[in-house]
Amino acid sequence: MKTETLLLKFLDLLQPVYRLAGVDYEKLRAIVGIKLKMDNRRQMMSFGKKENTDSGNNFLKTLLYSIFGGFVAIFMYNMHSAMMGMTIFFSYIMVMIAMTLITDFSSILLDTSDITIILPRPVDGRTLFAARLTHIMLYLGQLTLGLSLLPAVVVGIKFGAVVLSCFSIVIVLAVFMAMLVTTAMYLLIMQFANKEKLKNTINSFQIIMAVIVMGG
């Protein structure tokens with residue numbers, strides 16, 4: 001089963017929540033489904049190089065992130081200081097989320113084509129906003145799962161279920177924090193630069209991050 005199909009089935013479980021919020025769920029599901037398919041067809045920046053993805057590669061991408069998360073899990077397991085281990089992990093995951101939003105998702109965060117293409121159709125602004133937010137959260141959810149799965153196993157083994165529960169909650173908060181900081185940075189830059197200059201700034205950042213990651 002394709003990853004996008006699994007994500008849409010998961011989304012179906014949240015259907016009552018969307019309806020309670022006044023969102024047209026059928027239209028939201030259709031928009032999110034199209035966005036997930038487009039993700040699989042566009043070029044993505046992955047650790048400093050562009051890759052072509054197809055409908056079966058999202059699972060492999062999550063597995064790749066899990067491997068990198070495994071290196072962090074090894075550090076956490078061997079560290080005597082729990083505070084240091086947690087600091088390294090949460091710093092790592094927030095940097096990775098922010099870097100991914102800037103390199104992979106910058107075009108989507110700044111894309112205004114939805115407004116010109118979808119809003120003239122019978123789709124209200126609330127449904128469109130919910131669809132864009134859902135799309136971003138599904139993408140970040142896959143990334144976060146890959147990065148934190150093995151570290152979470154280590155935390156559960158070393159510290160028990162209670163600490164693991166708190167650890168899971170803080171992961172969600174860390175992702176929201178990284179997303180908030182990245183969005184605030186975009187808004188700040190857009191106050192002083194137009195869209196074209198912002199794209200050039202992002203391209204420069206991608207080059208710098210590619211050099212840092214590959215050099216590291």
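Sequence positions, counted from 1, serve as the residue numbers for this chain. In what follows, every heavy atom counts, from backbone to side chain, and hydrogens, waters and symmetry copies are set aside.
- Pairing each heavy atom of I93 with each of A174, the nearest pair is CG2-CB, 4.4 Å.
- Between Y92 and F68, the distance from one ring center to the other does not fall under 6.0 angstrom.
- Listed by first and then second residue, the side chain to side chain donor-acceptor pair (under 3.5 Å) pairs that reach into residues 21-33 are D12-Y25, D12-R29, R19-E26, sequence neighbours excluded.
- Residue L164 is not grouped with residue L150 when hydrophobic side chains (ILVMFWY) are merged at heavy-atom distances under 4.5 angstrom, including chains of intermediate members.
- More than 12 heavy atoms of other shown residues, nucleotides or ligands fall within 6.0 angstrom of atom CE in M86.
- Interatomic distance, Y139 OH to I97 CD1, rounded to the nearest 0.5 Å: 9.0 Å.
- For the atom pair L6 CG and L138 CG, the distance stands at 11.5 Å (nearest 0.5 Å).
- Residues A98 and A178 share a closest heavy-atom pair of N-CB, 4.4 Å.
- Rounding to the nearest 0.5 Å places CG of L149 at 6.0 Å from OG of S66.
- Residues L140 and V170 fall within the same hydrophobic cluster, defined by Ile, Leu, Val, Met, Phe, Trp and Tyr side chains chained together at heavy-atom separations under 4.5 Å.
- When hydrophobic clusters are built by joining Ile, Leu, Val, Met, Phe, Trp and Tyr residues whose side-chain heavy atoms come closer than 4.5 Å, directly or via intermediates, V172 is grouped together with V155.
- The line from OG1 of T87 to CE of M76 is 9.5 Å long, rounded to the nearest 0.5 Å.
- At least one side-chain heavy atom of F176 sits less than 4.5 Å from a side-chain heavy atom of M137.
- Minimum interatomic distance between L28 and T127 (heavy atoms only, all atoms of both residues): N-CG2, 3.9 Å.
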side-chain contact (heavy atoms from CB on, under 4.5 Å) assessment of R132 paired with I31: CA-CA 8 Å; R132 295 192 69 174; I31 294 171; over 6 Å; no
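- Taking both residues in full, the closest heavy atoms of A130 and V23 are given as CB-CG2, 3.9 Å, listed atom of the first, atom of the second, then distance.
- Distance OG1/T134 to CG/L11: 6.0 Å, rounded to 0.5 Å.
- Between S148 and I171, the shortest heavy-atom distance links the atoms CB-CD1, 3.6 Å.
- The hydrophobic cluster containing V72 also contains M94, counting ILVMFWY residues as joined when their side-chain heavy atoms lie under 4.5 angstrom apart, directly or transitively.
- Atoms OG and CE, on S91 and M96 in that order, are 13.5 Å from each other to the nearest 0.5 Å.
- Summarising the geometry of F159 relative to A82, their closest heavy-atom pair is CZ-CB, 3.6 Å, with the distance given to 0.1 Å.
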Yes or no on ring pair (Phe, Tyr, Trp, His ring centres under 6.0 Å) for F89 and F75, after CA distance, side-chain angles and deciding distance? CA-CA 9 Å; F89 170 76; F75 279 110; over 10 Å; no
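- A continuous path of hydrophobic side-chain contacts links V175 to L143 [ILVMFWY only; heavy atoms under 4.5 Å].
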